[in-house]
Amino acid sequence: MAQQTELRGGGAPLRPTDPFSVLDTAVWAALNGPHAHLAQRVGRAARYPDDVYAFAALADPGDPAAWADLRTLVGPGTTVRIKPVEDVPDGWEIVGGGVGVQLVDTALRAEPAPEAVRLGPDDVPEILDLVARTRPGPFLRRTIRLGTYLGIRDRGRLIALAGERLRPPGWTEISAVCTDPAHRGRGLATRLVRAVAAGIRERGDTPFLHAAADNTNAIRLYESLGFTLRRRSPVLLVRSPGTSGRGAVL
């Protein structure tokens with residue numbers, strides 16, 4: 001079951017009328033909000049293009065009609081990642097998954113990093129190389145379209161990275177936080193997280209982020225920077241009913 005801590009940006013207690021549910025369904029909220037221009041959608045199911053962010057979302061995971069829309073969207077016998085979902089209807093198959101955590105900014109000190117540079121499409125090959133070596137989480141060929149990505153270079157080589165991913169209304173996720181192993185211990189990730197957060201705050205959003213529940217080092221770092229654990233929930237890899245020659249993972 002998902003476990004949730006009732007907090008909001010700035011550390012104030014959540015009131016019953018606060019619209020905090022957008023973080024409960026962050027992928028769906030983003031695809032129906034600031035990232036609507038990227039959404040591939042059928043009825044009550046939506047997904048990002050598979051070279052942008054490999055996740056789909058449902059308006060209501062408890063609604064069989066939403067699952068029917070998702071099958072129409074992805075096709076038969078297709079494997080897709082989805083969160084937060086705890087169970088699937090008959091005909092769907094859970095083929096993998098794990099547990100993730102969601103943390104929200106409650107006391108983060110956001111500030112620019114003068115040495116950070118904005119990264120663009122021409123930097124994607126270097127980003128993909130750094131991500132492959134450090135495994136901070138999914139980053140695909142067009143993930144950079146999701147928001148601002150900042151990097152730090154050493155002698156021209158990209159050695160650290162952080163950027164923006166999901167954007168449910170009022171919130172922006174910090175993602176792809178990673179540092180080349182040879183340059184760890186210099187506080188590069190911390191400076192980039194604060195710098196990305198500064199840009200998020202400038203447009204009036206509150207930073208949040210996700211991590212694997214067993215990535216204790218990352219969670220410890222984020223909590224030390226001023227993030228608070230809000231929620232634990234499953235991340236599932238599911239296969240749609242039917243057969244397909246592709247067997248694609250979206």
Can a donor-acceptor pair be found, under 3.5 Å and without considering hydrogens, that links the side chain of [X] to the backbone of [Y]?
| X | Y | value |
| --- | --- | --- |
| Thr106 | Gly226 | yes |
| Ser240 | Gly75 | yes |
| Thr190 | Leu188 | no |
| Arg133 | Arg135 | no |
| Arg232 | Val99 | no |

Look up atom [atom1] in [X] and atom [atom2] in [Y], then write down how far apart they are to the nearest 0.5 Å.
| X | Y | atom1 | atom2 | result |
| --- | --- | --- | --- | --- |
| Ile127 | Ile144 | CD1 | CD1 | 4.0 Å |
| Glu223 | Leu103 | CD | CG | 6.0 Å |
| Arg194 | Leu225 | CZ | CG | 5.5 Å |
| Glu93 | Thr79 | CD | OG1 | 8.0 Å |
| Glu173 | Glu164 | CD | CD | 10.0 Å |
| Leu31 | Gln40 | CG | CD | 9.5 Å |

Matching residue for Thr206 among Val104, Asp105, Leu23, Thr172 - test: side-chain contact (heavy atoms from CB on, under 4.5 Å): Asp105
Determine whether [X] and [Y] make a side-chain contact, defined as any pair of heavy atoms from C-beta on separated by less than 4.5 Å.
| X | Y | value |
| --- | --- | --- |
| Asn217 | Asn215 | yes |
| His210 | Leu166 | yes |
| Trp92 | Leu70 | yes |
| Asp154 | Ile152 | no |
| Leu161 | Cys178 | yes |
| Arg157 | Asp180 | yes |
| His35 | Val27 | no |
| Lys83 | Ser233 | no |

Chi angles and distances behind the side chain to side chain contact (heavy atoms under 4.5 Å, CB included) call for Phe139, Leu130: CA-CA 10 Å; Phe139 191 100; Leu130 181 60; over 6 Å; no
Check ion pair Arg118-Asp123 (N to O, under 4.0 angstrom): no
Asp51 with Arg141: basic N within carboxylate O range, under 4.0 Å: yes
Treat each ILVMFWY residue as a node, draw an edge where side-chain heavy atoms are under 4.5 Å apart, and state whether [X] and [Y] are in one component.
| X | Y | result |
| --- | --- | --- |
| Leu58 | Ile94 | yes |
| Val193 | Val117 | no |
| Trp28 | Ile82 | no |
| Leu140 | Leu38 | no |
| Val85 | Leu73 | yes |

Non-hydrogen atoms of [X] and [Y] that approach each other most closely:
| X | Y | result |
| --- | --- | --- |
| Leu146 | Tyr48 | CD2-CE2, 3.6 Å |
| Pro168 | Pro34 | C-CD, 4.5 Å |
| Asp60 | Ala66 | O-CB, 3.7 Å |
| Pro112 | Ala198 | N-CB, 4.2 Å |
| Tyr149 | Gly163 | CD2-CA, 3.4 Å |
| Arg231 | Pro84 | NH2-CG, 3.6 Å |

CZ/Arg203: more than 12 non-hydrogen atoms of other groups inside 6.0 Å: yes
Asp24/Arg230 under salt bridge (Lys or Arg N to Asp or Glu O under 4.0 Å): CA gap, chis, key distance, verdict: CA-CA 10 Å; Asp24 295 339; Arg230 175 182 180 261; 2.7 Å; yes
